[in-house]
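Letters A, B, ... are given to chains in the order of the sequence lines, protein chains preceding strands, and every chain is numbered from 1.
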Amino acid sequence: MSNEAPVSNFIRAIIDGDLVSGKRSSVVTRFPPEPNGYLHVGHAKSICLNFGIAEDYQGQCNLRMDDTNPEKEEDEYAAAIEADVRWLGFAWHGDVRHASDYFEQLYAYAEELISAGKAFVCELNAEEMREYRGDFSKPGRDSPYRTRTVEENLALFRAMRAGEYADGSKTLRLKIDMGSPNLNLRDPVIYRIKRATHIKTGDSWCIYPMYDYTHCISDALEGITHSLCTLEFEDHRPLYDWVLDNITIASHPQQIEFSRLELLYVVTSKRKLKQLVDEQLVSGWDDPRMPTITGMRRRGYSPEGIKLFAQRIGVSKGENIIDYSILEGAVRETLEEACPRVIAVLDPIKVTLTNFEAGVTASRSAPYHPHHAEWGEREVPIAPTIYVEREDFAEVPPAGWQRLTLGSEVRLRYSYVIKCDEVVKDAAGNVVELKCSIDPATLGQNPVGRKVKGVIHWISAEHAIEAEVRLYDRLFTEARPDAVRGADGQYVDFKQFINGASLQTITAYVEPVVSTAAPETRYQFERLGYFVTDRHDHVAGGKPVFNRTVTLKDAWAAKEAK
RNA sequence: AGGGGAGUCGCCAAGUUGGUUAAGGCAUCGGAUUUUGAUUCCGACAUGCGAAGGUUCGAAUCCUUCUUCCCCUGCCA
């Protein structure tokens with residue numbers, strides 16, 4: 001877990017080298033999300049990497065909103081991003097930064113580039129620009145506006161800022177090389193005219209800088225030493241370096257790219273996630289089935305579980321294709337030691353204890369955790385009528401069955417061994433009740449002369465309280481819902497693969513102690529899994545509302561499935 | 001006149017100035033403990049590093065050729 005030594009990876013190797021060689025004397029990283037959506041599990045990987053490195057090297061990590069496109073960015077997202085990072089347990093250095101904090105400096109650097117003859121105002125429209133750019137096999141052609149004088153460019157750029165031109169009518173471009181095999185270097189646009197209200201700067205600007213131009217300068221201004229990003233930006237690195245090499249700036253961070261996470265049975269495109277929300281296929285960004293950080297939180301995943309997951313998947317430049325079960329496994333593992341145990345029956349079948357004797361048949365108390373005696377115990381009262389899990393009874397048991405069946409014995413967890421003597425059915429043939437007898441000599445001790453292997457959970461009918469329980473399963477039935485092609489070779493709409501059974505809401509019986517739990521309290525329901533009181537719908541003192549976080553590992557079910 | 005990356009066990013992933021039997025985790029399979037078929041604990045798990053050649057006393061690491069996969073033609077990030 002978090003106390004394990006950090007796993008070596010190529011980025012740490014680079015940093016170690018930089019520290020030894022003296023190229024760097026400290027480590028400063030940053031996490032730079034665009035506030036145009038909610039953070040998801042892929043961002044969690046990046047957050048753990050950037051903040052984790054800063055912690056391990058006693059450096060710092062900044063949180064910077066990459067807010068250069070006002071058309072897509074919203075305050076709601078920015079606020080959610082801060083909350084998510086904090087919830088994961090990380091603390092950014094100083095205040096939250098914004099690329100927009102640097103708009104004035106960015107503008108000044110643009111004038112510097114113009115003055116040096118390295119940038120020009122272009123009047124090609126989008127379509128023309130695409131045509132001039134060429135393609136993979138054809139070099140591009142110089143824009144007819146490329147040869148304007150410095151004075152003309154400066155005047156035009158200032159007029160752009162002053163709002164004298166229509167949106168999209170002009171751009172500021174770098175003069176690099178239209179013949180470069182790297183398309184990013186074919187005179188990239190660094191400013192566009194766009195009249196949109198910005199979340200931080202309002203309407204004070206009508207020109208906005210582009211990512212490639214903004215990101216490197218923002219990094220440099222913040223004194224970032226290692227700028228970590230995903231692989232698709234590898235082709236942008238020459239541009240990152242070109243900009244910093246051609247302006248007057250002291251710092252030059254090193255961009256290092258790593259592979260992005262591809263989690264199976266999940267989509268992690270902000271656009272697609274937003275589609276699920278907008279089309280109400282989920283209840284919102286924080287629907288417990290969403291791979292968003294806020295969704296995982298509501299599902300009951302712990303920050304520790306997500307961090308353990310990030311640690312396990314590693315950091316490299318190879319494909320990082322991870323099965324969803326790895327995430328669940330990491331979460332389950334952290335919850336094992338952290339959650340108190342409690343008993344719940346999700347799908348009850350009534351059991352009458354035929355030889356129950358008031359005043360003689362006794363109850364025991366049960367510990368909240370098998371390895372944490374200090375967490376205390378609570379009484380688990382027994383009564384003449386109890387509920388057991390329907391799936392713990394089989395009329396025709398398969399080979400190896402250790403649970404209840406007619407004529408056999410089973411241990412009631414924390415209580416007696418019982419034997420099923422009679423199965424009661426309704427007119428339709430459904431099992432509606434089991435009549436069982438207690439072996440009075442088995443409370444707190446094993447029966448003599450025979451071994452009872454099975455243990456099932458149960459709850460007293462008269463003591464149990466009702467709870468709403470939401471059973472969640474994965475959202476998609478396909479491992480790669482957004483990469484399935486139909487007979488026509490086209491991608492099939494990923495929404496076709498939504499798992500219709502990904503949410504099932506039931507009423508279950510639980511121990512009364514949970515009703516006073518605060519929202520976001522996690523429990524293990526013994527033999528079933530980990531459940532959390534819903535962040536929004538559970539109210540302490542009211543009818544409990546639980547979300548199933550993840551089931552327990554189930555060797556029996558796995559064996560049966562084979 | 002295309003460019004940029006990556007191929008080490010089922011899934012991740014260390015290892016790369018060539019040097020003992022190729023780390024570790026997850027999964028899996030055995031076995032022990034267990035009043036959760038959970039947990040925990042033991043043990044097993046790549047004569048092999050995309051393929052084929054070559055250099056060398058010695059190659060996952062160097063050379064050659066081949067091959068597979070990913071990314072790039074927004075005034076998005």
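Using a 4.0 Å heavy-atom criterion, one finds that S137(A) contacts the sugar-phosphate atoms exclusively. Using a 4.0 Å heavy-atom criterion, one finds that G318(A) contacts the sugar-phosphate atoms exclusively. Using a 4.0 Å heavy-atom criterion, one finds that S259(A) contacts no nucleic acid atom at all. Within 4.0 Å (heavy atoms only), G444(A) reaches at least one base atom of the nucleic acid. If you check every strand for non-hydrogen atoms under 4.0 Å, A555(A) touches sugar and phosphate atoms only. Residue-level contact check: L552(A) touches the bases, meaning some heavy atom is under 4.0 Å from a base atom. The residue N9(A) sits close only to the backbone: its heavy atoms come under 4.0 Å of sugar-phosphate atoms, none of a base.
Counting only heavy atoms from C-beta on, S8(A) has its side chain closest to A14(B) among A14(B), U36(B), U39(B). Nearest nucleotide to the M210(A) side chain, out of A38(B), C76(B), C71(B): C76(B). Out of U36(B), C76(B), C12(B), the shortest distance to the side chain of R413(A) is found at U36(B). Listed candidates were A38(B), U73(B), G37(B). Nearest to the side chain of R130(A) is U73(B). Proximity note for N125(A) (side chain, C-beta onward) versus A27(B), C75(B), G2(B): the nearest is C75(B). Comparing A77(B), C12(B), U39(B) by their nearest atom to the side chain of N69(A) picks out A77(B). The side chain of I322(A) approaches C12(B) more closely than any other nucleotide in the set C12(B), A38(B), C75(B).
Remark: aromatic rings of Y368(A) and W375(A) are distant, center separation not under 6.0 Å. In this structure, F531(A) has its ring center no closer than 6.0 Å to that of Y523(A). Checked against the 6.0 Å centroid threshold, Y107(A) and F157(A) count as a close aromatic pair.
S302(A) and R522(A) share no side-chain donor-acceptor pair at under 3.5 Å.
Note: Y191(A) OH to T68(A) OG1 = 10.0 Å, rounded to the nearest 0.5 Å.
Using cut-offs of 30° and 60° for the angle between ring planes, the Y211(A) and H236(A) rings count as perpendicular.
Phosphate contact (OP1/OP2 of A77(B), side-chain N/O of T68(A), threshold under 4.0 Å): present. Within the 4.0 Å cut-off from OP1 or OP2 of A77(B), at least one side-chain nitrogen or oxygen of R192(A) is found. In terms of phosphate contacts, R133(A) brings a side-chain nitrogen or oxygen within less than 4.0 Å of OP1 or OP2 of C75(B). OP1 or OP2 of U39(B) has at least one side-chain nitrogen or oxygen of K553(A) nearer than 4.0 Å.
Counting atom types as modelled, R403(A) pairs a side-chain N or O with a base atom of G37(B) as donor and acceptor under 3.5 Å. The base of U34(B) lies outside donor-acceptor range of the side chain of R411(A), with no N or O pair under 3.5 Å. Evaluation of atom-type donor-acceptor distances gives no pair under 3.5 Å for the side chain of R186(A) against the base of U73(B). Between the side chain of Q524(A) and the base of U36(B) there is at least one donor-acceptor pair of N/O atoms closer than 3.5 Å. Taking 3.5 Å as the limit, the base of G3(B) and the side chain of D235(A) contain a donor-acceptor pair of atoms between them.
Rounded to a whole angstrom, the distance from the C1' atom of C66(B) to that of C42(B) is 46 Å.
The aromatic ring of Y211(A) does not stack onto the base of A77(B), failing the criterion of a centre distance under 5.5 Å from the six-membered base ring together with planes under 30° apart. The side-chain ring of F136(A) is stacked on the base of C72(B), judged by centre separation under 5.5 angstrom and plane angle under 30 degrees.
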